[in-house]
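In what follows, a single structure is set out as structure tokens and then discussed.
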Amino acid sequence: ISPLMARLARDPRLLGLVSALYGEPAHLFKDKLIFKPPGAKGYDLHQDFIGWKDFPRTFLTAAVAIDPCATGNGATEVFPGYHRRGYLSPEDGDYHNVPAGAVDETTGVVLELEPGDVALFGCFVPHRSDANRSGGWRRLLYVSYNAASDGGDRRDAHY
């Protein structure tokens, strides 16, 4: 992660918000930049949790928009409420798409964001994105955290 993005990931306003949601200190878990140029395909319906032995169940992601995000450029689409069901796939340590029929796909909410907007969602929220059918880029910084009580600082161990 670049020095600029590292500062953003550890910004007290963002850490404070996530800590308030947890009711305890938050720790940076992982980070990634998603570059979606014109014509790039989307991501299938999935959850971010992976059933690894020590993967934090409190893992949540702050999606920080660098470019505008909308339906036409492959914005993230989330499916609210399904997080209450936990992980919808086998907890075997492998990546899985959400099984067909596990989610009512008509209930999706597209995260339409402007640069600087932040959307938060937990690791059990099913989500996907469509292809970028626009003529411009769609870039997002995904910064993920876990609660202090769920392993504390795990970033180095994760990477």
Between the side chain of N132 and the main-chain N/O of A40, is any donor-acceptor distance below 3.5 Å?
no
Mind checking whether L60 and M5 sit in one hydrophobic cluster, side chains of I, L, V, M, F, W, Y counted as touching below 4.5 Å?
yes
Here the pair of heavy atoms bringing A65 nearest to L113 is CB-CB, 3.7 Å
Would a line drawn from the ring center of F55 to the ring center of F49 be shorter than 6.0 Å?
yes
Taking H158's backbone N and O only, do any of them form a donor-acceptor pair with K30's side chain (distance below 3.5 Å, no angle check)?
no
Donor-acceptor pair, Y87 side chain versus C123 backbone, under 3.5 Å?
no
Just by distance, do the side chain of D150 and the backbone of T58 share a donor-acceptor pair under 3.5 Å?
yes
Is E77 close to L45 at the side-chain level, that is, under 4.5 Å between some pair of heavy atoms?
no
What about L21 and L28, same hydrophobic cluster or not, with Ile/Leu/Val/Met/Phe/Trp/Tyr joined at side-chain heavy-atom distances under 4.5 Å?
yes
Do the two ring centres, one from H96 and one from H46, sit under 6.0 Å apart?
no
Say whether, by atom type as modelled, one donor and one acceptor occur between the side chain of E105 and the main chain of F79 under 3.5 angstrom.
no
A63 and F121: which non-hydrogen atoms are nearest, and at how many Å?
CB-CE2, 4.3 Å
Is there a chain of hydrophobic side chains (I, L, V, M, F, W, Y, each step under 4.5 Å between heavy atoms) that links F35 to Y142?
no
So does P37 get a backbone contact from the side chain of W137, meaning a donor-acceptor N/O pair under 3.5 Å?
no
Are the side chain of N146 and the backbone of G152 linked by a donor-acceptor contact shorter than 3.5 Å?
yes
d(D44 CG, H127 NE2) to nearest 0.5 Å is 11.5 Å
Path from L141 to V18 over hydrophobic side-chain contacts below 4.5 Å
yes
Quick one: does R138's side chain have a donor or acceptor within less than 3.5 Å of a partner on G74's backbone?
yes
Are any non-hydrogen side-chain atoms of Y82 and T107 less than 4.5 angstrom apart?
yes
For residues A9 and Y145, report the shortest heavy-atom separation together with the two atoms involved.
O-OH, 2.5 Å
Are R155 and D31 within salt-bridge range, i.e. N to O under 4.0 Å?
yes
Testing the basics here: between C69 and L140, what is the closest heavy-atom pair and its distance to 0.1 Å?
SG-CD2, 3.6 Å
V125 and L120: same hydrophobic cluster, using ILVMFWY side-chain contacts below 4.5 Å?
no
To the nearest 0.5 Å, tell me how far D94 CG sits from D92 CG.
4.5 Å
Kindly give the heavy-atom pair with the smallest separation between N73 and P68, and that separation in Å.
ND2-O, 2.7 Å
Could you verify whether a donor N or O on one side chain and an acceptor N or O on the other, from S144 and T61, lie under 3.5 Å apart?
yes
Could you grab the distance from atom NZ of K36 to atom OH of Y43, nearest 0.5 Å is fine?
6.5 Å
Residue pair R139, L33: steps toward the side chain to side chain contact (heavy atoms under 4.5 Å, CB included) verdict:
CA-CA 7 Å; R139 298 171 294 172; L33 283 168; over 6 Å; no
How about H27 and P56: do any of their side-chain heavy atoms sit closer than 4.5 Å?
no
Rounded to the nearest 0.5 Å, what separation is found between the CD atom of E91 and the CZ atom of R57?
4.5 Å
Is any side-chain heavy atom of L88 closer than 4.5 Å to one of V103?
yes
